Amino acid sequence: MSSGSPHIVLKAPALVGIRRLNALDTVRARIAMAVELGLLKPGERLPPADEIARALGVGEITVRRALVSLCDQGVLERRRGRGGGTLVAERPPPGGVREIEAYRSAAADVHRLIDQRLLLECGIAHLAATRPDPRRLEELERLVECMDRASSWAEFRPCDERFHMGVAAATGLPSAVEQYGSVARELHRYYLPFPLDHLRESNRGHAELVAALAAGDPLRAVEITHRHVEVLHRTMFVGVEDRPAGPD
């Protein structure tokens with residue numbers, strides 16, 4: 001794979017499918033798909049619209065319109081009063097949001113993006129462990145704590161993004177931040193809500209990585225990173241139907 005391959009993958013024609021969707025439809029598709037896959041359970045309350053907007057990288061108005069649309073289709077329901085809000089319907093109709101297929105059809109591209117991320121992050125972890133920076137490590141520890149305190153997938157997501165960008169920054173190489181950021185942004189197009197227990201398990205890997213970086217142990221840092229990213233092959237939507245209960 002050539003050094004320019006991230007750009008080749010990002011321009012691959014097969015990614016055009018979801019790029020044809022507008023922001024509203026991508027939000028509808030991702031939430032509906034998470035419901036169909038059981039990642040969001042019947043009766044589960046969705047996070048506030050502003051948190052969903054930050055997690056999915058869209059505007060709050062777009063999220064509100066998407067939630068109303070999904071309520072109209074019976075995927076979600078709106079309840080008033082104490083304990084109310086926007087919740088997953090008790091019996092959401094399957095296959096009601098046709099935009100989901102644009103995501104399902106991109107399985108091979110998502111796997112290639114995960115491989116790109118794996119290659120980059122293993123190299124990033126190795127470099128970061130050879131030059132531990134107390135200030136960077138302190139920030140990474142703070143982000144691990146932020147993820148531990150998160151009360152929803154939408155609150156967890158921004159801390160997770162900042163954590164991985166922080167590891168890239170810890171290499172001291174601007175190009176590492178640029179290349180990792182490019183692949184991460186493209187992969188984020190396919191991000192789905194995940195149960196909080198799954199995300200907390202993932203965060204244990206973050207804490208292990210910080211410990212390896214602080215110890216100046218490049219091999220251990222690479223081992224942890226490899227395990228952490230490899231889990232995506234089994235847990236992103238493209239493999240969720242037959243995934244194990246959680247990460248190894």
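Quick note: residue numbers are just sequence positions, from 1. Fair warning: this is a prediction, and the values are worked out from it, not measured in the lab.
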message = Tell me every residue that passes ring pair (Phe, Tyr, Trp, His ring centres under 6.0 Å) with His126, counting only those two or more places apart in sequence or in another chain.
response =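 Once residues adjacent in sequence are excluded, His126 has no partner under the ring pair (Phe, Tyr, Trp, His ring centres under 6.0 Å) criterion.
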Charged N-O contact under 4.0 Å between [X] and [Y]:
{"X": "Glu223", "Y": "Arg220", "value": "yes"}
{"X": "Asp115", "Y": "Arg112", "value": "no"}
{"X": "Arg227", "Y": "Glu230", "value": "no"}
{"X": "Glu77", "Y": "Arg45", "value": "no"}
{"X": "Arg200", "Y": "Asp197", "value": "no"}

task = Would you check, one step at a time, whether the test side chain to side chain contact (heavy atoms under 4.5 Å, CB included) holds for Glu51 with Arg54?
result = CA-CA 5 Å; Glu51 291 185 10; Arg54 284 194 295 272; 3.5 Å; yes
If two hydrophobic side chains count as joined below 4.5 Å and joins carry through other members, does [X] share a cluster with [Y]?
{"X": "Tyr190", "Y": "Leu118", "value": "yes"}
{"X": "Leu143", "Y": "Tyr180", "value": "yes"}
{"X": "Ile100", "Y": "Ile52", "value": "yes"}
{"X": "Leu213", "Y": "Leu173", "value": "no"}
{"X": "Leu219", "Y": "Val229", "value": "no"}

Check whether any side-chain N or O of [X] sits under 3.5 Å from a backbone N or O of [Y] as a donor-acceptor pair, and report yes or no.
{"X": "Asn22", "Y": "Asp25", "value": "yes"}
{"X": "Ser182", "Y": "Glu178", "value": "no"}
{"X": "Glu36", "Y": "Met33", "value": "no"}

request  = Go through the structure and list residues passing side chain to side chain donor-acceptor pair (under 3.5 Å) with Thr171, not counting sequence neighbours.
outcome  = none
If you round to the nearest 0.5 Å, how far is [atom2] of [Y] from [atom1] of [X]?
{"X": "Thr86", "Y": "Leu67", "atom1": "OG1", "atom2": "CG", "value": "5.0 Å"}
{"X": "Phe163", "Y": "Cys146", "atom1": "CZ", "atom2": "SG", "value": "11.5 Å"}
{"X": "Leu140", "Y": "Met165", "atom1": "CG", "atom2": "CE", "value": "12.0 Å"}
{"X": "Cys159", "Y": "Arg142", "atom1": "SG", "atom2": "CZ", "value": "7.0 Å"}
{"X": "Asp72", "Y": "Arg78", "atom1": "CG", "atom2": "CZ", "value": "13.0 Å"}
{"X": "Ile31", "Y": "Leu39", "atom1": "CD1", "atom2": "CG", "value": "12.0 Å"}

request  = Assess the side chains of Ser175 and Gln179: does a donor N or O sit below 3.5 Å from an acceptor N or O?
outcome  =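 Looking only at side-chain atoms, Gln179 and Ser175 do not form any donor-acceptor pair under 3.5 Å.
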Evaluation steps, salt bridge (charged side-chain N to carboxylate O under 4.0 Å, His left out), between Glu138 and Arg135 = CA-CA 5 Å; Glu138 183 178 348; Arg135 182 177 60 85; over 6 Å; no
message = Less than 4.5 Å apart, side chain to side chain, heavy atoms only: is that true for Leu192 and Leu37?
response = yes
task = Cation-pi check, Arg157 to Tyr191: give yes when NZ or CZ is under 6.0 Å from the six-membered ring centre and within 45° of the ring axis, no otherwise.
result = yes
For [X] and [Y], work out which heavy atoms get closest and say how close.
{"X": "Ala23", "Y": "Val58", "result": "CB-CG1, 4.3 Å"}
{"X": "Ala214", "Y": "Leu137", "result": "CA-CD1, 3.7 Å"}
{"X": "Ala212", "Y": "Ile224", "result": "CB-CD1, 4.0 Å"}
{"X": "Trp153", "Y": "Phe194", "result": "CB-O, 3.4 Å"}
{"X": "Leu187", "Y": "Arg117", "result": "CD2-CD, 4.0 Å"}
{"X": "Gly74", "Y": "Ala89", "result": "O-CB, 3.2 Å"}

query = Given the rule in the side chain to side chain contact (heavy atoms under 4.5 Å, CB included) test, do Asn203 and Val144 qualify, once you have shown the distances and angles that lead to the verdict?
reply = CA-CA 7 Å; Asn203 197 36; Val144 169; 3.7 Å; yes
key: Stepwise side chain to side chain contact (heavy atoms under 4.5 Å, CB included) test for Leu127 and Ile124   = CA-CA 5 Å; Leu127 283 172; Ile124 283 168; 6.0 Å; no
key: Residue Ile61 excluded, over 12 heavy atoms near CD1 under 6.0 Å   = no
request  = Could you walk me through whether Arg189 and Thr26 pass side chain to side chain contact (heavy atoms under 4.5 Å, CB included), step by step?
outcome  = CA-CA 8 Å; Arg189 292 174 179 268; Thr26 64; over 6 Å; no
inquiry  = Under the rule for disulfide bond (SG atoms under 2.5 Å apart), what residues qualify as partners of Cys122, not counting sequence neighbours?
reply    =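 Listed in chain order: nothing, the list is empty.
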task = Could you point out which residue of Gln116, His164, His228 forms a side-chain hydrogen bond (donor to acceptor under 3.5 Å, both in side chains) with Glu121?
result =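 Filter result, single survivor: His164.
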